[in-house]
Amino acid sequence: MGRWCIGQRVVGVSGLGSYPAEVLGSAGVREAVARWLRLVAADAELTPYLIGVDRARLGGHLALTLTVALGGPAGDVVRPVAGAWRGLGLTEAQHRRVVDYLAGVLRALDVPTGAVDAARRAFADEAGA
């Protein structure tokens, strides 16, 4: 059984059966998305794509998609907001970099590799990549 730390708590994870969305909770997912958006906004090539974008709304869409990707509940949503990044006009290479930022944030939070891979797939799929 692996152990990973979220804030002050140390959480046990056995295999990949326990996805982090349940462990991170909605506040943890929102924090991961906030970190992710800060990284994207700090990227000189990507920040122009966020000009005029309602970041709170984008963050909400991303948090929902991430929650579902990590095995959490979707509520009444059958498929989380498809293409949250697609509408911004990113190139395929830029979109890959955005997804790489997400993977980095999740790794920094000690999210298990299988869950990071699931999140990467969800956001790669949402862009049609």
Side-chain angles (χ1 to χ4, degrees):
M1 170 149 69
R3 292 168 59 93
W4 44 294
C5 182
I6 302 297
Q8 298 296 323
R9 295 179 299 149
V10 175
V11 181
V13 178
S14 73
L16 296 176
S18 176
Y19 271 86
E22 298 167 0
V23 175
L24 288 175
S26 61
V29 169
R30 284 193 307 272
E31 174 60 23
V33 168
R35 289 181 186 192
W36 183 20
L37 283 173
R38 282 194 300 269
L39 288 170
V40 172
D43 185 305
E45 185 179 337
L46 298 175
T47 197
Y49 290 94
L50 295 176
I51 294 173
V53 171
D54 181 343
R55 291 188 196 182
R57 184 168 186 226
L58 176 61
H61 294 323
L62 297 173
L64 176 59
T65 304
L66 182 58
T67 297
V68 173
L70 296 176
D76 293 333
V77 177
V78 175
R79 182 165 192 250
V81 187
W85 290 107
R86 188 181 323 152
L88 299 180
L90 299 173
T91 66
E92 187 175 330
Q94 290 168 327
H95 184 268
R96 277 194 306 271
R97 193 157 72 245
V98 166
V99 175
D100 287 344
Y101 282 131
L102 170 63
V105 166
L106 295 177
R107 285 188 196 108
L109 292 171
D110 292 325
V111 171
T113 301
V116 174
D117 293 343
R120 288 181 71 95
R121 281 191 304 276
F123 285 98
D125 289 348
E126 67 105 35

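Nothing here was measured: the structure is a model prediction, and the numbers come from that model.
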Item to check | Considering all heavy atoms, the nearest Ala115-Leu70 contact | outcome: O-CD2, 3.5 Å

Checklist entry - At their closest point, which heavy atom of Ala103 faces which heavy atom of Arg120, and how far apart are they? => result CB-NH1, 3.1 Å

Next on the checklist: Tell me whether Thr65 contacts the main-chain N or O of His61 through its side chain, where contact means a donor paired with an acceptor under 3.5 Å.
Outcome noted: yes

Checklist entry - Would you say the side chain of Leu50 lies within less than 4.5 Å of the side chain of Arg55, judging by non-hydrogen atoms? => result yes

Checklist entry - Within a strict 4.5 Å, meaning less than it, do heavy atoms of the Val111 and Val105 side chains meet? => result no

Item to check | Rounded distance [0.5 Å steps], CG in Leu88 versus CD1 in Ile51 | outcome: 11.5 Å

Item to check | Test side-chain contact (heavy atoms from CB on, under 4.5 Å) applied to Leu66 and Leu102, step by step | outcome: CA-CA 10 Å; Leu66 182 58; Leu102 170 63; 4.3 Å; yes

For residues 30-40, which side-chain N or O atoms pair as donor and acceptor with protein atoms under 3.5 Å away, sequence neighbours left out?
{"unit_1": "Arg30", "atom_1": "NH1", "unit_2": "Ser26", "atom_2": "OG", "d": "3.4"}
{"unit_1": "Glu31", "atom_1": "OE2", "unit_2": "Arg35", "atom_2": "NE", "d": "3.0"}
{"unit_1": "Trp36", "atom_1": "NE1", "unit_2": "Val98", "atom_2": "O", "d": "2.8"}

Checklist entry - If you look only at pairs with a residue in residues 60-69, which of them pass as a salt bridge (charged side-chain N to carboxylate O under 4.0 Å, His left out), with sequence neighbours excluded? => result none

Checklist outcome for this item: All heavy atoms of Ala118 vs all of Ala69, minimum pair found to be CB-O, 3.6 Å

Item to check | Candidate pair Val99 and His95, rule side-chain contact (heavy atoms from CB on, under 4.5 Å), full reasoning | outcome: CA-CA 6 Å; Val99 175; His95 184 268; 3.4 Å; yes

Checklist entry - Does some side-chain heavy atom of Asp43 sit less than 4.5 Å from a side-chain heavy atom of Thr47? => result no

